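Below is one structure, written out as structure tokens; the observations come after it.
Being a predicted model, the structure only gives us computed values, none of them experimental.
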Amino acid sequence: RANKVALELIEEKIKTQRDYVAKLEKLSREQKTERLKEIAVLQESITTLGLGRVSVSQDQMKNLKSQMDELNSKIREVEKFDTQFSTKQKALNKEIKFYESNSTCPTCDQGIEPEVKQAKTETAARKWDEFEEARHQAAAQIKSLSDRHRSVEENIAKIQEQLNREFEINTQITQAQNRIEQLQREVDKVETETDSIEDSLSQLEIYTKEEESLVKDRRQLSEEGAYNTVITELLKDTGIKTKIIKQYLPVINNLVNKYL
């Protein structure tokens with residue numbers, strides 16, 4: 001009876017342990033597969049992101065900004081000359097107007113000769129025209145410099161956009177690489193956790209050996225029980241003892257009567 005109970009108990013332990021081992025193995029496989037799949041997706045993503053990279057250096061940006069500063073400086077310098085030319089033209093306008101409007105000097109109250117007025121007016125007008133030509137040249141130079149400035153500015157904007165994209169790509173790649181490292185650590189951890197499965201398998205082996213021992217004991221007890229049953233039956237009055245007595249008692253009686 002005790003053997004039967006122990007055997008039933010160990011069989012239940014074996015079943016529970018096998019279910020537990022199967023669950024551990026399944027969980028380990030699923031966790032590893034899931035993480036390896038994600039690693040593959042991230043690696044493909046890194047490759048795709050790498051294809052979107054554009055070769056741009058900070059030196060290009062520095063060079064363009066240097067050109068921008070130089071152009072700004074030249075534009076300011078030409079504008080300064082244009083302002084000076086404009087100021088001188090205003091002064092010449094006053095001078096021309098003065099000689100056109102006055103025949104007497106308001107300061108010394110002396111008359112101004114027509115020849116002097118004409119000479120002064122023509123000289124002032126000629127200078128005014130020279131300054132006007134200079135201003136036209138300055139305006140053309142400013143336009144040329146501004147066009148170059150605008151072109152450089154557009155290039156700076158394009159390169160800045162590329163640098164921003166490069167930074168974004170690098171950030172995404174770094175994040176993907178960090179995630180891959182994390183997943184790889186988890187895969188390594190799952191693989192090292194096979195010790196837990198091995199321990200469970202070792203325990204299952206112990207239970208199995210215990211079951212084999214109990215089965216062997218039970219078989220032996222069963223054989224002994226059957227043997228004892230046979231012996232008991234043979235030793236009963238209705239068994240072999242009665243048959244022996246019935247067979248040999250008459251012979252014994254005959255021999256006793258003959259020799260006694």
With rounding to the nearest 0.5 Å, note down the distance linking CG in Asn155 to CE in Met61. 10.0 Å
Separation of Leu71 CG from Arg148 CZ (nearest 0.5 Å): 5.0 Å
Ignoring hydrogens and geometry, is there a side-chain-to-backbone donor-acceptor pair from Ser73 to Asp69 under 3.5 Å? no
Do Thr87 and Lys90 make a side-chain contact, defined as non-hydrogen atoms from C-beta onward lying under 4.5 Å apart? no
Flag yes if more than 12 heavy atoms outside Gln84 fall under 6.0 Å of its CD atom; otherwise flag no. yes
Taking Ser144 for the side chain and Ala140 for the main chain, is one N or O donor matched with an acceptor at less than 3.5 Å? no
Between the side chains of Glu154 and Arg150, is the shortest nitrogen-to-carboxylate-oxygen separation below 4.0 Å, so that they form an ion pair? no
Do Ser45 and Val41 have side chains that approach each other closer than 4.5 Å (heavy atoms only, starting at C-beta)? no
I'd like to know if Lys143 pairs up with Asp147 as an ion pair, taking the criterion as any Lys NZ or Arg NE/NH1/NH2 lying under 4.0 Å from an Asp or Glu carboxylate oxygen. yes
What's the spacing between Ile173 CD1 and Glu168 CD if we round to 0.5 Å? 11.0 Å
How close do Glu100 and Thr121 get, heavy atom to heavy atom, and via which atoms? OE2-CG2, 4.2 Å
To the nearest 0.5 Å, what is the distance between CD (Glu153) and CG (Leu64)? 11.5 Å
Any salt bridge linking Arg126 with Asp129? Criterion: basic side-chain nitrogen under 4.0 Å from a carboxylate oxygen. no
Mark yes or no for whether Ser86, through its side chain, and Asp82, through its backbone, hold a donor-acceptor pair below 3.5 Å. no
Do you know the tightest heavy-atom contact between Gln89 and Trp128? NE2-O, 3.2 Å
CD1 of Ile39 to CD of Gln43, rounded to nearest 0.5 Å, is 6.5 Å
Could you tell me which non-hydrogen atom of Lys117 sits nearest to which non-hydrogen atom of Tyr99, and how far apart they are? CE-O, 2.6 Å
Would you confirm whether Thr48, through its side chain, and Glu44, through its main-chain N or O, come within 3.5 Å as a donor-acceptor pair? yes
Assess, by modelled atom type and distance only, whether the side chains of Gln182 and Arg179 contain a donor and an acceptor separated by less than 3.5 Å. yes
Apply side chain to side chain contact (heavy atoms under 4.5 Å, CB included) to the pair Leu145 and His149, showing each step before the final yes or no. CA-CA 6 Å; Leu145 292 170; His149 184 280; over 6 Å; no
Hydrophobic cluster membership, with links at side-chain heavy-atom distances under 4.5 Å among I/L/V/M/F/W/Y: are Phe81 and Ile142 in one? no
Go through it in stages, so that I can follow the logic: the residues are Asn170 and Glu166, the test is side chain to side chain contact (heavy atoms under 4.5 Å, CB included), and I'd like the CA-CA distance, side-chain angles, deciding distance and then a yes or no. CA-CA 6 Å; Asn170 288 337; Glu166 184 78 6; 3.7 Å; yes
Restricting to non-hydrogen atoms, name the atom on Ala176 and the atom on Ile46 that form the minimum distance, rounded to 0.1 Å. CB-CG1, 3.7 Å
What are the two closest heavy atoms between Val78 and Ala138, and how far apart are they? CG1-O, 3.5 Å
Between atom OG1 of Thr83 and atom CZ of Arg76, what is the distance when rounded to the nearest 0.5 Å? 13.0 Å
Could you check whether atom CZ of Phe98 has more than 12 heavy atoms from other residues, nucleotides or ligands sitting under 6.0 Å from it? yes
Does Glu132, at its CD atom, have more than 12 non-hydrogen atoms belonging to other residues, nucleotides or ligands within less than 6.0 Å? yes
